[in-house]
Amino acid sequence: MRIGIVAPAKTLDRAVAAEVQGFAAVTFPKVELVIHPQCYLSDGHFAGPDAARAAAFLDYANDPAIDAIWFARGGYGSNRILGSVMGALGDAAAAKTYLGYSDMGFLLGALYARRIGRPVHGPLVMDMARTGGDASVARALGWLTTRDKAGLEPSIAGRPVAAFNLAILAALAGTPWLPDLTDHILMIEDVSEPLYRIDRMLFQLANATQLKGIAGIRLGRIADIQPNDPPWGEAIEVMITRWARDLGVPYLGAADIGHDAANKLVPFGMVV
């Protein structure tokens, strides 16, 4: 099996890439990780200019010899190439799984909106650099190779699911790239935001007409919360319950997803 690695946002660290390749060679010997040279480009914040990142994504997505696409890392940027790549995806792209999270949610959401391939919210290549990163990488490769269900988010059950970073989902609202999530359980997570910004984004989603048909909300980890002056004084569970009520859907509890090595897999649309 050949898994293509591209970086639609930020540059992939070479040392981490080598560590992941070595880990895969030992634990998944039938897998070939094919890292696109674009992953190592640098252009300010990004792994190369927009045109280079778009071309690399299309190169591997449209290559029938590549079985799946694994995103190198998150970080702002994948939204900037949506307009140039989504209309250029062919039959080979429709047969692939696409795995990532954080800002890769722009691409995952746009793919799911057009029912292209099988988008999955789950570990990135760069998660190898986290404490416990080998387990995260094993979870990703287990799903990509054999559909190992051990790494799935445990609440997935009788309704289709989707998962997003909250900031990315808020940015998708009101755009043609947000998929139809009618009857889905929506899982959200975020990192490095003050709670007033979390509350603001929840307000936006609670009033987004595109989300009125969802079946419920689960809350992943809101990590590395930034300080608020004065202190915010309201628990995140209180906030999410209030905004779920305004959206007219139940808050269903926690989801085991987040910006960490414990991040579980959420295949878009999956029903167990």
Side-chain angles (χ1 to χ4, degrees), residues 1-82 84-85 88-90 92-93 95-108 111 116-130 132-146 148 151 259 261 263 265:
M1 181 179 190
R2 302 182 81 227
I3 298 174
I5 296 174
V6 294
K10 295 172 72 175
T11 304
L12 176 61
D13 183 274
R14 288 181 180 271
V16 174
E19 189 176 0
V20 171
Q21 285 183 308
F23 178 83
V26 173
T27 56
F28 294 85
K30 295 183 178 180
V31 170
E32 180 185 2
L33 296 182
V34 187
I35 301 177
H36 200 287
Q38 168 272 325
C39 289
Y40 303 122
L41 297 180
S42 181
D43 184 42
H45 178 88
F46 306 107
D50 291 354
R53 289 180 288 111
F57 175 71
L58 290 174
D59 187 18
Y60 277 8
N62 286 331
D63 184 350
I66 299 291
D67 299 297
I69 299 291
W70 190 14
F71 295 126
R73 63 183 301 179
Y76 179 73
S78 71
N79 57 317
R80 291 166 54 123
I81 67 172
L82 291 181
S84 58
V85 302
L89 294 171
K96 289 179 173 59
T97 297
Y98 299 84
L99 176 62
Y101 71 101
S102 190
D103 271 71
M104 293 306 102
F106 284 114
L107 271 167
L108 298 176
L111 289 164
I116 298 173
R118 297 173 295 277
V120 182
H121 182 282
L124 298 159
V125 176
M126 274 296 294
D127 282 332
M128 177 59 93
R130 300 182 185 274
D134 52 349
S136 184
V137 168
R139 192 179 309 123
L141 292 174
W143 180 258
L144 291 174
T145 55
T146 64
D148 183 357
H259 275 62
N263 186 27
L265 295 147

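Everything quoted here is computed from the prediction, not taken from an experiment.
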Side-chain heavy-atom pair [X], [Y] within 4.5 angstrom cut-off:
X	Y	answer
H121	N263	yes
F23	L33	no
K30	M1	no
I3	L99	no
D59	I66	no
V120	W143	yes

How far does [atom1] of [X] sit from [atom2] of [Y], to the nearest 0.5 angstrom?
X	Y	atom1	atom2	answer
L111	Y98	CG	OH	6.0 Å
L89	F57	CG	CZ	5.5 Å
R73	T11	CZ	OG1	7.0 Å
L107	I116	CG	CD1	10.5 Å
C39	K10	SG	NZ	14.5 Å
S42	L12	OG	CG	12.0 Å

Can you give me the closest heavy-atom contact between [X] and [Y], atom names plus distance?
X	Y	answer
G100	L108	O-CD1, 3.3 Å
G90	N62	N-OD1, 2.8 Å
W70	A140	CZ2-CB, 3.7 Å
M104	G74	CE-CA, 4.4 Å
D43	G48	CB-C, 3.5 Å
L58	S84	CD1-O, 4.1 Å

For [X], the option from [options] that meets side-chain contact (heavy atoms from CB on, under 4.5 Å):
X	options	result
V137	M126, M128, R130	M128
Y60	I35, V6, I5	V6
D67	R2, K96, E32	R2

Counting N and O atoms only, with roles assigned by atom type, does the side chain of [X] sit under 3.5 Å from a partner on the main chain of [Y], one being a donor and the other an acceptor?
X	Y	value
R53	G77	yes
R139	A261	yes
S78	D103	yes

### Task
Assess the pair Y101 and H259: is the distance between their ring centroids shorter than 6.0 Å?
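For Y101 and H259, the ring centres are under 6.0 Å apart.
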### Message
Parallel, tilted or perpendicular: which one describes the rings of F46 and Y76, with boundaries at 30° and 60°?
### Response
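Rings of F46 and Y76: tilted, 30 to 60°.
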